[in-house]
Amino acid sequence: MAAPFERRELPEQGFFGRLFGRVNREGLLAEVEAALADAEDWAAVPRAAIAAIEANYGGTLLADARDETMALVCRAADALSPQQIVEGGVARLKALGAALGVGPEAEAVAHARAERALAEAAAILIADDELGEADRASFAAAAEACGFTPETVAPILAEAASARLKAEIEAAVADGLLTAEEEARIEALGQALGARLEIAPEMQETLRHARRLWQIEAGTPEPVASPIDLPRTEACLFAGYGQVLEPRTRGKKAFTHSYGAGDIVLTSKRLIFNGGDKNFAIRLNTVVSFEAFDDGVEVRRASGKPLTFALNLRDEWFARLFARVRRDAG
């Protein structure tokens with residue numbers, strides 16, 4: 001990394017500056033930077049050397065060029081890598097600030113840079129998706145070297161672990177599905193990192209939806225309570241309320257007949273309508289084809305008219321579940 005300081009030609013004091021006795025700020029800054037550039041180690045330049053330059057110009061960096069002086073400190077901080085920051089860089093920046101007469105201000109810069117470096121260090125520590133006691137001890141030692149207490153630095157490590165866990169969750173549900181393996185991996189990662197993630201309501205809903213979608217498409221659909229009695233060999237997978245519709249014709253006029261309202265129950269073997277004017281129990285393996293809607297399904301068998309099982313309330317899972325169990329029924 002390039003040296004943060006360099007020699008520059010010393011600017012001359014302008015006429016009006018000399019006339020009114022103003023401090024030659026540009027000259028002061030140029031000479032101070034030259035002193036830092038000439039030093040073997042800019043962090044080892046003593047305060048006395050800088051004070052002597054200030055005396056020659058009849059001013060101080062703090063009073064006459066505070067912003068420019070802080071720019072020098074920031075330049076030095078930017079020249080240090082995160083590893084250098086946590087391995088003595090904080091002390092060097094503080095020493096530079098003290099030499100320039102801006103100790104408290106430089107300490108704030110060093111603290112901010114150290115916090116950023118520790119965040120990067122935390123991300124590196126958990127890159128292997130583990131965070132053991134040895135890792136925590138190393139991080140605590142680096143934090144202490146930067147002047148952080150264990151209490152103040154704990155959130156940095158926790159935030160890095162939470163960010164890693166959040167990234168794992170987002171990657172898992174990127175395809176809209178959350179498999180059992182993905183969920184187990186997320187759980188194991190959270191335990192390995194000791195991460196506690198506050199999941200926003202929107203993400204909780206995304207997880208719930210992705211988990212349910214996977215269960216329906218590739219996992220094992222969860223049984224629900226049935227409003228009607230079923231044989232022990234059948235599991236109720238969906239229960240809703242609606243009506244069964246059938247297309248009819250009267251002369252040249254086509255219309256839709258409703259068999260009334262009742263329970264619509266999807267089991268592992270049948271699609272059932274219970275109530276209204278007539279009950280239906282269609283075995284899934286007799287369905288030749290079907291068409292899905294956001295509020296129901298229309299089923300066609302080898303004989304007879306197609307029947308539409310229409311829910312009173314839209315439910316995105318009903319048609320998906322029907323397609324899944326019909327496929328399983330062969």
Side-chain angles (χ1 to χ4, degrees), residues 1-122 124 138-153 156:
M1 185 172 293
F5 306 114
E6 59 184 11
R7 272 188 158 277
R8 293 184 289 113
E9 185 177 348
L10 296 180
E12 294 184 3
Q13 176 77 309
F15 172 76
F16 285 103
R18 293 194 302 271
L19 179 63
F20 294 105
R22 293 175 182 168
V23 174
N24 185 356
R25 187 173 62 176
E26 290 74 15
L28 172 60
L29 288 166
E31 194 162 340
V32 166
E33 183 170 356
L36 297 175
D38 290 342
E40 187 174 341
D41 179 4
W42 49 259
V45 174
R47 171 59 188 157
I50 303 299
I53 297 174
E54 290 176 323
N56 289 338
Y57 284 86
T60 65
L61 293 170
L62 178 61
D64 301 300
R66 179 184 177 278
D67 292 344
E68 293 83 352
T69 304
M70 290 309 302
L72 293 177
V73 176
C74 291
R75 201 190 307 169
D78 292 340
L80 297 173
S81 68
Q83 182 176 352
Q84 290 172 325
I85 287 286
V86 299
E87 293 180 352
V90 171
R92 299 187 71 210
L93 291 173
K94 289 181 180 180
L96 175 62
L100 299 178
V102 290
E105 293 86 348
E107 188 168 345
V109 171
H111 185 277
R113 292 298 197 277
E115 191 169 5
R116 187 189 308 169
L118 287 171
E120 293 188 30
I124 293 172
S138 297
F139 186 79
E144 185 179 3
C146 293
F148 288 87
T149 64
E151 293 76 16
T152 57
V153 81
I156 298 177

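Numbering starts at 1 and runs along the sequence shown.
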Separation between [atom1] of [X] and [atom2] of [Y], rounded to the nearest 0.5 Å:
X	Y	atom1	atom2	value
Ile124	Leu118	CD1	CG	11.0 Å
Glu68	Leu61	CD	CG	9.5 Å
Arg7	Glu31	CZ	CD	8.5 Å
Glu26	Tyr57	CD	OH	10.5 Å
Leu72	Leu96	CG	CG	7.5 Å
Arg47	Leu100	CZ	CG	7.5 Å

message: Does any part of the side chain of Leu62, heavy atoms only, come nearer than 4.5 Å to the side chain of Thr69, both counted from C-beta?
response: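 Contact flag for Thr69/Leu62 side chains = no.
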field: Heavy-atom check, side chain of Arg113 versus side chain of Val90, under 4.5 Å
entry: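 With C-beta onward as the side chain, the pair stays apart.
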So which heavy atom on [X] is nearest to which on [Y], and how close?
X	Y	result
Ala77	Val109	CB-CG1, 4.3 Å
Val86	Ala117	CG1-CB, 3.9 Å
Val153	Ala143	CG2-CB, 3.5 Å
Val73	Ala106	CG1-CB, 4.0 Å
Ala95	Ala43	CB-O, 3.5 Å

Donor-acceptor pair, side chain of [X] and main chain of [Y], under 3.5 angstrom:
X	Y	result
Glu107	Lys94	no
Glu105	Gly97	no
Arg25	Ala65	no

message: Show, in sequence, the C-alpha distance, side-chain angles and deciding distance for Glu115 and Cys146, and conclude whether the side chain to side chain contact (heavy atoms under 4.5 Å, CB included) test is met.
response: CA-CA 9 Å; Glu115 191 169 5; Cys146 293; over 6 Å; no
message: Please identify which of these residues, Asp38, Val32, Ile50, meets the side chain to side chain contact (heavy atoms under 4.5 Å, CB included) condition with Val45.
response: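 When Asp38, Val32, Ile50 are each tested with Val45, the side chain to side chain contact (heavy atoms under 4.5 Å, CB included) holds only for Ile50.
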- prompt: Thinking salt bridges, do Arg92 and Glu87 make one under a 4.0 Å N-O criterion?
  reply: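 Between Glu87 and Arg92 there is no salt bridge, as every charged N stays at least 4.0 Å from the carboxylate O atoms.
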query: According to the interplanar angle, ranging from 0 to 90°, do the rings of Phe148 and His111 count as parallel (below 30°), tilted (30 to 60°) or perpendicular (above 60°)?
result: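 Answer is tilted, since the angle falls between 30° and 60°.
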task: Under the side chain to side chain donor-acceptor pair (under 3.5 Å) rule, collect the residues that match up with Ser138, sequence neighbours excluded.
output: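 By the side chain to side chain donor-acceptor pair (under 3.5 Å) rule, Ser138 matches no residue at all.
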